[in-house]
Amino acid sequence: IARGARPYIREAVERSLRALETDYIDLYMYHRHDTITPIEETLAALTELVQEGKVLHIGCANFSGVRIEEADGLARAGGLSRFVTVQNEWSLLERRIEEKVVPACERCEVGIIPYFPLARGLLTGKYRRGEPSPGGRIADTSTIEDETWDRVEALEALASEWGVSMLELAIGGLAAEPQVVTVITGARTPEQVVANVAAGVWEPSAGELAALRAV
């Protein structure tokens, strides 16, 4: 069954409710459009769950700007539940989302939940140009292009100038973007969870945010 189809969605939600041992899910996200199911069917199925109280809000993930606006228009016209968030990749290095997705979210009043905010580890400060990989997601740093290293080093220079860590720069800088409602960060240890949360406390000034965008 296609993942956007009504039977799949209803079964998936029931499985999640049982696994979480709860009566409702605060935010249920349609992870990726299956390219088969009409978005109207998916929205209708999710709307049923909202009306039944099993889901409070719905979101989507890995949607293009065009698809976000299409889904929002259909939901408004048909009286269906609207996607209130979109979860897409976004970091100070991976910024393609800024071209079309962010403007679409602004127009449709959709919040953004970035994933991979640390660019798979490149923005943690532990990787260096010309040095062997210390481990983690990036096994071979020699495959990273010079242009990417240039940007990493420019961001490191800003972090040093402002007296913040690369973690604070990467997470706090992203969280300061107007459409961002929260930032998803990965962690393998309790200490990393604490560090990630603390990093989100730093808030850049308007000038600092402009400097980050310019890199």
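Small disclaimer: the values here were computed from a predicted structure and weren't measured.
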Please test D23 against L17 for side-chain contact (heavy atoms from CB on, under 4.5 Å), starting from the C-alpha separation and ending with a verdict. CA-CA 6 Å; D23 297 324; L17 290 171; 5.9 Å; no
For V55 and Y28 the tightest heavy-atom approach is CG1-CB, 3.7 Å
Answer yes when E98 and R213 have at least one side-chain N-carboxylate O distance shorter than 4.0 Å, and no when they do not. no
R120 and E94, any side-chain heavy atoms less than 4.5 Å apart: no
Smallest heavy-atom separation, T42 atom then G4 atom, equals OG1-O, 2.7 Å
Looking only at heavy atoms, which two atoms of V193 and A187 are closest? And how far apart? CG2-CB, 3.6 Å
Over 12 non-hydrogen atoms of neighbours within 6.0 angstrom of CZ in R96: no
Nearest atoms (heavy-atom pairs only) where V183 meets I171: CG2-O, 4.4 Å
Would you check if the side chain of T148 reaches a backbone N or O of I144 as a donor-acceptor pair within less than 3.5 Å? no
Answer whether the closest heavy-atom distance between the side chains of W202 and E208 falls below 4.5 Å. yes
Check: E156 and R128 side chains under 4.5 Å, non-hydrogen atoms: yes
Ignoring hydrogens, what is the shortest heavy-atom contact between A75 and S81? Give both atom names and the distance. CB-O, 3.6 Å
Side chain proximity check, D34 to Y8, heavy atoms < 4.5 angstrom: no
A side-chain contact here means heavy atoms from C-beta on lying under 4.5 Å apart; do P114 and V180 qualify? yes
Shortest non-hydrogen contact between V86 and C105, atoms and distance: CG1-SG, 3.5 Å
For R188, is the CZ atom crowded, meaning more than 12 foreign heavy atoms sit under 6.0 Å from it? no
Quick one: do D72 and F83 satisfy side-chain contact (heavy atoms from CB on, under 4.5 Å)? Show the steps, please. CA-CA 7 Å; D72 193 69; F83 289 131; over 6 Å; no
Quick check: do L123 and L93 have side-chain heavy atoms less than 4.5 Å from each other? yes
Of all pairs that satisfy side-chain hydrogen bond (donor to acceptor under 3.5 Å, both in side chains), the ones with a partner from residues 43-56, not counting sequence neighbours: R6-E48, R10-E48, R10-E52, E14-K54
Linked hydrophobic residues, I36 as query - side chain contacts closer than 4.5 Å: none
Note, Y127 side chain near P134 side chain (heavy atom, < 4.5 Å): yes
To the nearest 0.5 Å, what is the distance between CG on L155 and CG on L92? 5.5 Å
Could you give me the CA-CA distance, side-chain angles and deciding distance for I112 and T85, then say whether side-chain contact (heavy atoms from CB on, under 4.5 Å) is met? CA-CA 6 Å; I112 301 173; T85 60; over 6 Å; no
Listed by chain and number, what are the side chain to side chain contact (heavy atoms under 4.5 Å, CB included) partners of E109, not counting sequence neighbours? R76, R82
Test L167 against N196 for side-chain contact (heavy atoms from CB on, under 4.5 Å), laying out the working first. CA-CA 7 Å; L167 206 60; N196 289 344; 3.7 Å; yes
Does any part of the side chain of R95, heavy atoms only, come nearer than 4.5 Å to the side chain of R151, both counted from C-beta? yes
Sequence-distant partners of K100, side chain to side chain contact (heavy atoms under 4.5 Å, CB included), two or more places apart: none
Which donor-acceptor pairs under 3.5 Å do side chains of residues 58-65 form with protein atoms, sequence neighbours excluded?
| from | atom 1 | to | atom 2 | distance (Å) |
| --- | --- | --- | --- | --- |
| N62 | OD1 | Y115 | OH | 2.6 |
| N62 | ND2 | H31 | O | 3.2 |
| S64 | OG | R67 | N | 3.1 |

Using the test salt bridge (Lys or Arg N to Asp or Glu O under 4.0 Å), find all partners of R129 that sit at least two apart in sequence or belong to another chain. D146, D150, E153
